[in-house]
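Each chain gets a letter, A, B and so on, in the order its sequence line appears, and its residues count up from 1. Quick note: numbers below take in every heavy atom, side chains included, and nothing from hydrogens, waters or symmetry partners.
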Amino acid sequence: MNINRKLKKRFANNVKAKLVDDKIVLSGNVSSWDEKVSAGLIASKPGGRVHVVNDIKVKGLEDEKTIFPFINDNKLDGRKPDVLIIGGGVVGCAIARELSKYDIDILLVEKEYDVALHASSRNDGMIHPGLDIKPGRLKKKLNNIGNAMYDEFCSELDIKFNRCGQYLCFANYILLIPIIFAIPYFNLTAAGKTHFVSRKEMRKREPHISEDIKYGLYFDGAGSICPYGLTIALAENAIQNGAEISLDTAVKDMKLSGNKIEEVVTNRGCIHPKMIINAAGVFSEEIAKMAGDRFFSIHPRKGTSAILDKEAKKNVNTIYSSFNLEKNNHNTKGGGIVSTVDGNVLVGPNAIETNEKENFDTEKSSIDSVFKKQKRVGNWLTGNDIITYFTGVRAATYEEDFIVEKGRNTHNIFHAAGIQSPGLTAAPAIAVMMRELINKEIPEMIRKEKYLSHRKTFPKISEMDEDDRREYIEKNPDYGEIVCRCEEISKGEILDSMRGPLRCDTVDAVKRRARPGMGRCQGGFCGPQVAKLISIEKGIPLNEVRKGYEDSYILLGEKNEI
Amino acid sequence: MKYDVAVIGAGPAGLAAAISAEKHGAKVVLIEREDRLGGVLKQCIHDGFGLIRYGEKLSGCEYANRYIDILIERMNYGNIELKLKTFVSKVDKIDDGFNLLLSSRGKLENIKSEKIIFATGCRERTPKQVSIHGSRPSGVFTAGLAQYYLNINGQMLGKKCVILGSGDIGLIMARRLTLEGANVLGVYEAKDSPSGLTRNIYQCLEDFDIPLYLSHTVTRLHGRNRLEGVTISRVDQNMVPIEGTEEYISCDTLIVSVGLIPENELPKTLNVPLSKHTKGAIVNQYYETEVKGIYACGNALHVNDLVDYVSESGEEAGKFAAIRDKFEQEAVEVTFTSDFGYVVPQKIVKDTEPATFYFRTSKIRENVIVKVYDGDKEIFKKKYLNLKPPEMEKIKVPIDGVSEIRFVMEVIQ
């Protein structure tokens with residue numbers, strides 16, 4: 001086997017590959033996580049359907065422990081849904097919504113206190129043209145289908161979508177000829193159209209692109225959305241159509257009989273679903289393992305982005321990034337300067353391999369490297385504009401492709417795994433593909449007559465024109481009381497964000513829905529107001545209001561009582 | 001309804017401005033976002049306010065009440081209208097002044113005013129703006145926010161507290177938390193000298209045995225849910241953390257007091273030029289900005305260390321907003337050397353009256369003379385035994401007939 005020769009060259013006899021049931025199983029010992037990832041990459045064929053399962057041990061590194069919810073009860077005990085979806089990210093929620101069009105019983109479980117708490121809220125919100133993906137990959141196909149679905153998808157879900165386009169900028173002429181020749185090819189294989197743009201044309205729309213940019217490509221299929229806003233919308237629409245979403249619910253084990261999962265054990269009781277969909281992101285390998293269907297491995301890759309003040313918005317109207325002449329290694333891929341739908345600017349992300357699936361810590365070095373890279377195209381970038389930063393973790397397989405298929409060994413599990421960028425773009429298409437797979441199992445699945453395709457959310461008062469705003473405030477007085485001054489968010493919006501179909505009772509959950517605290521003061525003024533509104537709306541004392549996670553209480557209680 | 005002067009913000013600057021404008025004959029509207037008057041003074045239950053103005057040590061609330069009482073009295077004359085719980089959403093320039101779009105409970109209204117005084121105060125710099133990394137747990141507060149929770153809501157914040165930044169609010173919160181029974185582990189300051197007033201270093205830290213660590217900063221937060229600890233690092237002269245000096249400190253609360261930024265979002269939409277030194281508007285001695293009819297005062301203009309000066313600037317701004325049209329327009333530049341942090345006002349309109357200037361030194365200095373020149377001609381000088389950046393100085397300079405104004409600092413040999 002050629003792979004073993006390559007592995008031997010790099011790792012002597014410490015690492016071995018073996019072909020077991022159409023998967024490449026790696027075993028052995030290495031001294032660092034990066035070596036383990038390198039071995040996986042050596043053994044894998046990009047885009048291949050024979051996956052690497054990486055069982056290599058790293059010296060001194062224990063297996064990551066999943067952080068489980070504190071709560072243990074039997075709320076879901078004995079539940080027998082037709083479909084159990086594991087994971088409340090954008091993929092899980094898109095699938096729940098797609099399946100909720102049909103007359104079947106759907107239960108989605110999410111281990112966190114809200115949906116979209118992992119990669120689905122921790123990304124740049126870009127809807128990709130899918131230019132850099134090689135044809136033949138599943139993710140290319142799903143990206144292109146998904147991209148085309150976005151306008152209707154977002155209008156149905158009442159989500160802002162800005163198909164603003166993207167500029168890929170070049171600082172020297174070496175690639176000029178090959179690029180011009182590649183345009184017809186891009187037009188055939190990517191979503192939307194690709195145009196060659198001169199520096200002059202480019203600067204008409206983006207006057208602040210760096211001086212030394214000579215020319216560029218414009219992709220009109222690219223766009224920008226709020227990724228957690230979308231995920232929440234999908235979840236809410238699924239609930240409106242009868243799906244159940246159980247938060248703080250983690251899958252801990254599965255019991256099989258032969259090739260069939262009979263029981264799914266959670267911290268909220270045992271569930272007996274007919275079919276299970278694995279949309280567990282970075283945990284999809286663990287879920288597959290529980291299901292006796294582990295034929296791929298996830299190597300998490302984290303990325304950090306910075307959010308800039310609205311002041312910086314004058315410098316960017318679309319999305320722009322510079323083309324890297326250096327070899328496209330994983331540490332420098334992707335990223336750009338994005339004009340967000342909420343009026344901020346997002347810069348990043350970078351990419352660093354990690355063994356920690358749930359470590360969202362940020363590092364100064366990541367912000368520095370992201371800025372250094374993006375300054376090539378936007379030399380106006382300054383750290384002074386940063387209002388916050390965040391880290392997300394991508395769920396990459398070694399083949400760097402999506403897995404959307406029925407279990408290979410276990411018959412009632414369906415995987416939506418290895419979904420990383422452009423997973424957000426592809427989500428609507430993944431949901432359709434998954435529905436088709438489920439449909440094959442339940443041919444009698446019928447479309448609901450009363451399916452509500454449109455979800456309507458509360459208005460953003462600051463975005464209304466004056467007459468509409470006046471009329472709305474007169475009918476809904478709370479919408480006249482401004483609580484968050486940076487983002488101009490009213491009391492009405494904050495209260496309504498807690499009255500949606502999906503539970504919302506923490507400062508961060510309110511922030512993701514209505515945006516108080518998203519601005520430049522980061523909740524310095526509105527924090528106490530928001531906490532008080534949560535306390536009143538939910539009927540809990542102020543000191544029981546949480547920032548987000550369990551135990552993330554903000555206050556200790558009345559000072560004289562302690 | 002058309003007003004002569006609209007005052008935005010009813011903290012110490014806005015209260016003083018509204019009263020003063022009314023006294024000078026203007027029809028005034030005072031607009032406040034919160035449900036009570038007084039701005040940040042509402043939460044300042046400690047003393048030390050009003051020493052210059054009243055020769056008394058008042059609490060912030062008492063100080064505010066003196067102005068609130070006057071305001072209520074003056075409102076009897078019918079020329080001050082008060083709009084509480086009202087947010088200024090938008091200001092547009094119109095032919096004869098400004099149109100303000102106001103949002104309040106159940107109501108969105110437009111009002112017109114000939115002049116506007118921005119008395120919008122300042123906001124706090126956030127932990128992310130000083131590059132604190134790591135996790136994002138609860139238990140991290142800016143100092144003013146912590147003060148609000150503790151003094152307005154009566155809520156305790158934590159048991160083991162670390163304070164970053166020796167700004168005045170940070171120092172006051174160190175004492176306040178100690179008095180409420182919290183264990184304040186220390187105040188960490190990235191600069192090599194304290195940022196707060198000397199009196200606060202004594203009264204808030206030394207009297208309570210709270211250690212102050214200069215040239216140290218917090219670089220990292222730990223804990224997923226509630227804060228569990230912070231990483232402290234020593235910093236070099238450029239305030240860059242020195243690798244290898246990291247130390248983990250277990251705590252459940254971090255109070256961040258790392259500076260204030262004047263709030264000027266609305267003036268920016270009106271193209272009011274701002275100073276890069278103060279982050280507030282560029283004004284002349286009448287507190288008028290470069291845009292005719294727009295005035296700025298208090299902490300929105302530049303961050304003051306004493307409320308007495310804030311009130312003073314409000315009074316002046318209010319007065320001139322009411323009577324300004326009688327004066328010349330042409331202005332000369334005020335320049336200063338890098339020995340100064342800033343000088344306010346930045347422009348001087350020709351006038352026979354001396355002008356009041358506020359300045360800060362850029363670093364600690366001893367035995368210096370501050371001189372003001374008009375060309376080669378020295379028009380003012382004053383000796384200082386010491387000057388410190390946290391302590392603002394005020395001088396009165398004769399400006400009759402000047403063609404430029406230049407501030408310099410000389411060391412006394």
Item to check | For chain B, which residues of residues 462-469 of chain A have heavy atoms nearer than 4.5 angstrom | outcome: Glu466(A), Arg469(A)
Checklist entry - When heavy-atom pairs shorter than 4.5 Å are enumerated against chain A, which of Arg136(B), Glu124(B), Gln129(B) gives the highest number? => result Arg136(B)
Checklist entry - Are Asp361(A) and Arg220(B) ion-paired here, with the side-chain N under 4.0 Å from a carboxylate O? => result yes
Checklist entry - Ignoring hydrogens and geometry, is there a side-chain-to-backbone donor-acceptor pair from Ser103(B) to Gly480(A) under 3.5 Å? => result yes
Checklist entry - Which bit of Ile367(A) is near chain B, if near means a heavy-atom gap under 4.5 Å: side chain, backbone, both or neither? => result side chain
Checklist entry - For Ser135(B), is it the side chain, the backbone, both or neither that has a heavy atom under 4.5 Å from a heavy atom of chain A? => result both
Checklist entry - Going by atom types only, do Thr388(A) and Lys128(B) share a side-chain donor-acceptor pair under 3.5 Å? => result yes
Checklist entry - Looking only at atom types and distance, does a side-chain atom of Arg470(A) sit under 3.5 Å from a main-chain N or O of Leu108(B), one as donor and one as acceptor? => result yes
Next on the checklist: Can you tell me which portion of Ala531(A) sits under 4.5 Å from chain B's heavy atoms? Options are side chain, backbone, both or neither.
Outcome noted: side chain
Item to check | Over 12 non-hydrogen atoms of neighbours within 6.0 angstrom of CZ in Arg234(B) | outcome: no
Next on the checklist: Does Lys90(B) have more than 12 heavy atoms from other residues, nucleotides or ligands lying within 6.0 Å of its NZ?
Outcome noted: no
Item to check | Proximal component of Val483(A), with respect to chain B [non-hydrogen, under 4.5 Å] | outcome: backbone
Checklist entry - Any idea which of Leu157(B), Thr142(B), Ile261(B) has the most non-hydrogen atom pairs under 4.5 angstrom with chain A? => result Leu157(B)
Checklist entry - In terms of heavy-atom pairs under 4.5 Å with chain B, which of Glu363(A), Gln522(A), Glu311(A), Lys491(A) leads? => result Glu363(A)
Checklist entry - Is there a donor-acceptor pair under 3.5 Å between the side chain of Asn225(B) and the backbone N or O of Tyr549(A)? => result no
Next on the checklist: Given heavy-atom pairs under 4.5 angstrom as the criterion, report whether the side chain, backbone, both or neither of Tyr389(A) touches chain B.
Outcome noted: both
Checklist entry - Can you check side-chain hydrogen bond (donor to acceptor under 3.5 Å, both in side chains) on Ser89(B) and Glu488(A), steps first, answer last? => result CA-CA 8 Å; Ser89(B) 174; Glu488(A) 207 170 334; 2.5 Å; yes
Checklist entry - So, do Pro477(A) and Arg105(B) sit near enough that their side-chain heavy atoms are less than 4.5 Å apart? => result yes
Checklist outcome for this item: The interface call for Glu263(B) against chain A, heavy-atom contacts under 4.5 Å, is side chain
Checklist entry - When only pairs under 4.5 Å are counted, which of Gly181(B), Gly158(B), Ala182(B) shares the most heavy-atom pairs with chain A? => result Gly158(B)
Checklist entry - Looking only at heavy atoms, which of residues 265-280 of chain B get nearer than 4.5 Å to chain A? => result Glu265(B), Lys268(B)
Next on the checklist: Could you check whether any side-chain N or O of Ser138(B) sits under 3.5 Å from a backbone N or O of Tyr553(A), counting only pairs where one atom can act as donor and the other as acceptor?
Outcome noted: yes
Next on the checklist: Under 6.0 Å from the ring centre and within 45 degrees of the ring axis: does the NZ or CZ of Arg33(B) meet both conditions for the six-membered ring of Phe525(A)?
Outcome noted: yes
Next on the checklist: Rounded at 0.5 Å granularity, tell me how far CG in Leu145(B) sits from SG in Cys526(A).
Outcome noted: 9.5 Å
Checklist outcome for this item: Among Thr391(A), Asp478(A), Asn359(A), the residue with the most heavy-atom pairs under 4.5 Å to chain B is Asp478(A)
Checklist entry - Picking from Ile386(A), Asn384(A), Asn543(A), Leu542(A), which has the most non-hydrogen pairs under 4.5 angstrom with chain B? => result Leu542(A)
Checklist entry - Can you find a heavy atom in the side chain of Met156(B) that is under 4.5 Å from one in the side chain of Leu555(A)? => result no
Checklist entry - Does the Glu474(A) side chain pair with the main chain of Gly106(B), one donor and one acceptor, at a distance under 3.5 Å? => result no
Checklist entry - Most heavy-atom pairs under 4.5 angstrom with chain B, which of Glu358(A), Gln529(A), Arg520(A), Lys364(A)? => result Arg520(A)
Next on the checklist: Can you confirm whether Lys538(A) is buried at NZ, in the sense that more than 12 heavy atoms of other residues, nucleotides or ligands lie under 6.0 Å from that atom?
Outcome noted: yes
Next on the checklist: So for Leu101(B), is it side chain, backbone, both, or neither that comes closer than 4.5 Å to the heavy atoms of chain A?
Outcome noted: side chain
Checklist outcome for this item: Bottom line for Lys310(A): the part with an atom under 4.5 Å from chain B's heavy atoms is neither
Checklist outcome for this item: Tightest non-hydrogen contact, residues Ile554(A) and Phe141(B), listed as O-CZ, 3.3 Å
Checklist entry - If you measure from CZ on Arg485(A) to OG1 on Thr120(B), what distance do you get to the nearest 0.5 Å? => result 7.5 Å
Checklist outcome for this item: For Arg123(B) and Cys521(A), the nearest pair of non-hydrogen atoms, with its separation, is CD-CB, 4.1 Å
Checklist entry - So, are Glu112(A) and Arg224(B) salt-bridged, with charged N and O less than 4.0 Å apart? => result yes
Checklist entry - Tell me, side chain or backbone of Arg546(A) under 4.5 Å from chain B's heavy atoms, or both, or neither? => result neither
Checklist entry - Measuring heavy-atom distances to chain A, does Lys85(B) have an atom under 4.5 Å in its side chain, in its backbone, in both, or in neither? => result side chain
